[in-house]
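Read the structure below first, then the notes.
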There are 2 protein chains.
Amino acid sequence: MADKAQIQEAIKTQGEVVRKLKSEKASKDQIDEEVAKLLQLKAQIGGDDVKHQFVLKTAKGTRDYNPKQMAIREKVFSTIVGCFKRHGAETIDTPVFELKETLTGKYGEDSKLIYDLKDQGGELLSLRYDLTVPFARYLAMSKITNIKRYHIAKVYRRDNPAMTRGRYREFYQCDFDIAGQYDAMIPDAECLKIVHEILSGLDIGDFRIKVNDRRILDGMFAVCGVPDDKFRTICSTVDKLDKMPWEDVRKEMVNEKGLSEEAADQIGEYVSLQGGMDLAERLLQDQKMSRSKQACAGLSDIKLLFSYLQLFQVTDKVVFDLSLARGLDYYTGIIYEAALTQAGVAPVSTEAQNGAEESVSVGSVAGGGRYDGLVGMFDPKGRKVPCVGVSIGIERIFSIMEQKAEASAEKVRTTEVQVMVVSAQKNLLEERLQLVTELWNAGIKAELMYKKNPKLLSQLQHCEESGIPLVAILGEQELKDGVVKLRVVSSREEVDISRAALVEEIRRRTSEA
Amino acid sequence: MADKAQIQEAIKTQGEVVRKLKSEKASKDQIDEEVAKLLQLKAQIGGDDVKHQFVLKTAKGTRDYNPKQMAIREKVFSTIVGCFKRHGAETIDTPVFELKETLTGKYGEDSKLIYDLKDQGGELLSLRYDLTVPFARYLAMSKITNIKRYHIAKVYRRDNPAMTRGRYREFYQCDFDIAGQYDAMIPDAECLKIVHEILSGLDIGDFRIKVNDRRILDGMFAVCGVPDDKFRTICSTVDKLDKMPWEDVRKEMVNEKGLSEEAADQIGEYVSLQGGMDLAERLLQDQKMSRSKQACAGLSDIKLLFSYLQLFQVTDKVVFDLSLARGLDYYTGIIYEAALTQAGVAPVSTEAQNGAEESVSVGSVAGGGRYDGLVGMFDPKGRKVPCVGVSIGIERIFSIMEQKAEASAEKVRTTEVQVMVVSAQKNLLEERLQLVTELWNAGIKAELMYKKNPKLLSQLQHCEESGIPLVAILGEQELKDGVVKLRVVSSREEVDISRAALVEEIRRRTSEA
């Protein structure tokens, strides 16, 4: 341990760091982090003045969910899970950490964002980065060759958090995937149908789903003269088109990635194209594009996909867009991404342009694609299981729903209590406990105040605040008459109900709502 | 990096370790771990023969949940959450990791079981060890002085897993807590009522709830002549009484902890006592015990508790037991623990006696108590928020439910699909897609095979296997007649339904079940 003088020196220096940040109006996160270091130093010296001076916060980039946020979260989950179940999906769960080597080599550049666990003896572990790689590991390990499953769980990325825009280091993913050897584009189309159903069902504004195919991108790169070993890196640059103008993308290709100007310009022409089945048809006739077998296979599948999307009645929101690239390495076929189109709820911020983040536009609320090679990477014999899936960007949706709830006059209820058992007089705790027991045992959601002699007003106030619709009032007279006074909170109407009929009456009145 | 010869030597040695373990029939976990090391060594040498030779497993002490296990898990959660909601609880969520210092000094000896994250720059983080400490941190941080909340989430302990008995390194906790300054024993009694409701509702056999009070234990130690500084350690020894006989406990107190024989014998007399309100009454009159103010306060509260438990109609399962101690340091008042009493489902194994594990008997399925000081440890001004809570030992319950499901003839359904859209003839994919779209859009849970021309038999087989009750069959004739042939899987009965009436008919038939 360093000696006291050294620590005091360090405290002085760190104090200046904090003051400087504050004067520069640095971000709260940044200041909190430096304050934490300062307090840790102070704690090393000890003394009464710093006894309670530890940092009271959650880890950087994470948050608690309070009851109101949880109520919104559960509502969103229920819509999404409802859709997954309507499409016949099962669910699985995997551990929050995996062997480090399970995640190695799956995420390209983003691997640096993986949280590792400390080596405490035993295995080297990492927190999961997404749900797709654990899913592939699960399939290979359990020797499952076909399954339709959803998985809702938290994943972890040591990213630069932008929490006000709904971006965290700990966040939920909601994944739906179909694994198995099937006829082309049928499961792929169902994934898009699911995105359409969920985004329509959540009522968060209009949206658009872009689709493309990795084979079309690769074919396009080939016919435009991109060298084979530059496909992935040029693909990453194309992926930035939803955040920066073509001129900047072109500059990056030519200046940073060393692509020829001719190749860049040819790519530029293709990636400006958007359309539907007709565009796929046209490109199949395109002199240059049709030279690539890969591109033709992708284009034919796009045509087939659109024919199924028509039958699914979702073509109104889907567009074939050659600029869509998606960041992750493991996609092998169709890729897609859904974004909200209303500027109000989905601002396309320019500050989000750092290389560390997954290349998903800010308004993006769902994305996915086909990854036919991933399971094979885990299988000891390399056996492939074709997969296609979609991930719903749930945190962004939570943020929007929270904003909507804030703006709305309607209160978000955080409990489901149907009735509060109260008394107006003193010394009736036992009678209240007996009544609430009757209600609980009958399956009624009920509560009472944990006081011997609570004030009537404070009991009624609690009902108002929590949105409890009914109050069961007990007094000497009611007990004598064998009744309970049932009060409707909203109308203040009161009516005596015989004790024997109370449960039925509460059920009747609360099932109406 | 070590040179090739060194690694080959290490591979040879490690190979012998694995062979030895296998010949000794060591546990699968142990073998897997050593095999993992072997494969890692082999991977260092490289070469084609080890290309795919990484370890395909989950981290030690963790498991995947397959769809069947998930179906059981969701059923158990729904019973438990139903009970929590019936009692008016809200829910919150906290991050899976906390600042390391948040967990420091809360778990006594068990702190060594905490998983730390690797220092990757920034804050020092640890995975949560339980949900209680994060809850206390949340209350202090959000300045909440009263709340009734439940929280269901995974926690992490680097314990020796005993997975066959439902003990893992990653496992669920189901916590219900009441925070706030209330009149004595009312929230405490409700916690016991909740344990009673949940264990009765899950139908996993008979159970018993032991209660005691930390103040009674401390008072008892004082009057028996235990020195103040030995209270906690003697308490830990008493806690082992559900796993070892009194003679061994006594030996530990005297030989290992240095307690006098007289003191140990006096403790021995008290901790053999079990009873109800009458026992509390008797002890209040006990010459020695009544000398301790603390003990008297605890005993009076036990009496009050039992009077409330009578009103809640749960005294049949509750016993006041002076040997109950509970491991954790933070309890300050009432403590309780529920255990299953049927030997068949809850074997009290003797192999579980290692010091590392939390002192909870093997049949234990719920536990908790009052902790009035924990929130104050987080509040900068030390403001206290009294809390009482209960944690349901859900993993043990999962294990029992899984065993029951295995033993039962009834199949566990893993999806909720109501109808499968099939065709008997070729080239009807489009028509199937159209019909399934109609059903999805009407909110019916439906699926179809992702093949252009699936065989009728394999489609029907899928329904049998997945427990799908209805089949909607399309053929040329049905299309011509504007009907769908609806088949009941169980009875094989078939009936033509007009297309317009199909949704209603499916709803009618599946709501009956």
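Values below: all heavy atoms of this structure, side chains included; hydrogens, waters and symmetry mates excluded. Lettering of chains follows the sequences in order, A, B, ..., and the numbering in each one begins at 1.
Interface residue A/I114: only backbone heavy atoms are found under 4.5 Å from chain B. When heavy atoms are compared at a cutoff of 4.5 Å, A/V436 approaches chain B solely by way of its side chain, counted from C-beta outward. With a threshold of 4.5 angstrom between heavy atoms, A/R73 approaches chain B through side-chain atoms but not through N, CA, C or O. Contacts of A/I468 with chain B are absent, with no heavy-atom separation under 4.5 Å from either backbone or side chain. Contact of A/E190 with chain B is made through the side chain alone, with heavy-atom distances under 4.5 Å. Interface residue B/Q181: only backbone heavy atoms are found under 4.5 Å from chain A. Contact of A/E430 with chain B is made through backbone and side chain together, with heavy-atom distances under 4.5 Å. Using a 4.5 Å cut-off between heavy atoms, B/A89 contacts chain A through its backbone alone, with no side-chain atom that close. Both the backbone and the side chain of A/K452 have a heavy atom closer than 4.5 Å to some heavy atom of chain B. Heavy atoms of A/A140 lying under 4.5 Å from chain B belong to its backbone as well as its side chain. Contacts of A/I144 with chain B are absent, with no heavy-atom separation under 4.5 Å from either backbone or side chain. Heavy-atom distances place the backbone of B/I444, and not its side chain, under 4.5 Å from chain A. For chain B, no part of A/Q418 is nearby; none of its heavy atoms comes within less than 4.5 Å.
Top candidate by heavy-atom pairs under 4.5 Å with chain A, chosen from B/V314, B/T91, B/T414, is B/T91. When the candidates A/G443, A/P454, A/S142, A/G122 are compared by the number of heavy-atom contacts under 4.5 Å with chain B, A/G443 comes out ahead. Counting heavy-atom pairs closer than 4.5 Å to chain B, the top residue among A/Q69, A/Q434, A/K154 is A/K154. When A/Y138, A/W440, A/F312, A/Y308 are compared by the number of non-hydrogen pairs under 4.5 Å with chain B, A/W440 comes out ahead. Across B/L117, B/V417, B/I178, B/D119, the residue that shares the most heavy-atom pairs under 4.5 angstrom with chain A is B/L117.
Each of A/H87, A/K148, A/R86 was evaluated against B/E447; a single residue qualifies, A/K148, per the side-chain hydrogen bond (donor to acceptor under 3.5 Å, both in side chains) test.
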Begin from the C-alpha positions of A/K57 and B/E123 and carry the test salt bridge (Lys or Arg N to Asp or Glu O under 4.0 Å) through to its verdict.
CA-CA 11 Å; A/K57 70 184 284 290; B/E123 301 160 331; 2.5 Å; yes
Evaluate the side chain to side chain contact (heavy atoms under 4.5 Å, CB included) criterion for residues B/T94 and A/T62: first the C-alpha distance (whole Å), next the side-chain angles of each, then the deciding distance (0.1 Å), finally the verdict.
CA-CA 9 Å; B/T94 63; A/T62 69; over 6 Å; no
Pair B/Y156-A/V96, side chain to side chain contact (heavy atoms under 4.5 Å, CB included): steps then yes or no:
CA-CA 10 Å; B/Y156 299 88; A/V96 81; 3.0 Å; yes
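Legend: residues meeting ring pair (Phe, Tyr, Trp, His ring centres under 6.0 Å) with A/F84, ordered by chain and number and at least two apart, are A/Y150, A/F176. Remark: B/R158 pairs with A/Q120, B/Y115 by the side chain to side chain contact (heavy atoms under 4.5 Å, CB included) rule, at least two apart or across chains.
Counting only distance, with no hydrogens or angles, the side chain of B/D116 and the backbone of A/K118 share no donor-acceptor pair below 3.5 Å. No donor-acceptor distance shorter than 3.5 angstrom exists from the side chain of B/E98 to the backbone of A/T58, with no hydrogens or angles considered.
Separation of atoms CG (A/L125) and CG (B/L127) is listed at 9.5 Å; rounding is to 0.5 Å. Expressed to the nearest 0.5 Å, how far NZ of A/K85 lies from NZ of B/K445 amounts to 7.0 Å.
The minimum heavy-atom distance between A/G88 and B/T415, with the atom names listed, is O-CG2, 3.5 Å. The two residues A/K451 and B/I186 come nearest to each other via the heavy atoms N-CD1, 3.9 Å. The two residues B/D64 and A/R137 make their nearest non-hydrogen contact at OD2-NH1, 2.6 Å. Nearest heavy-atom pair across A/L56 and B/P380 is CD2-CD, 4.2 Å. Contact detail for A/E197 and B/N441: the closest heavy-atom pair is OE2-OD1, 4.4 Å. The two residues A/L311 and B/T437 come nearest to each other via the heavy atoms O-OG1, 3.3 Å.
At a threshold of 4.0 Å, the pair A/R63-B/D93 does not count as salt-bridged, since none of the basic side-chain nitrogens sits closer than that to a carboxylate oxygen.
By the 30° and 60° cut-offs, the orientation of the rings of B/Y182 relative to A/Y450 is perpendicular.
Counting only heavy atoms from C-beta outward, the side chains of A/N66 and B/E90 never approach each other to under 4.5 Å.
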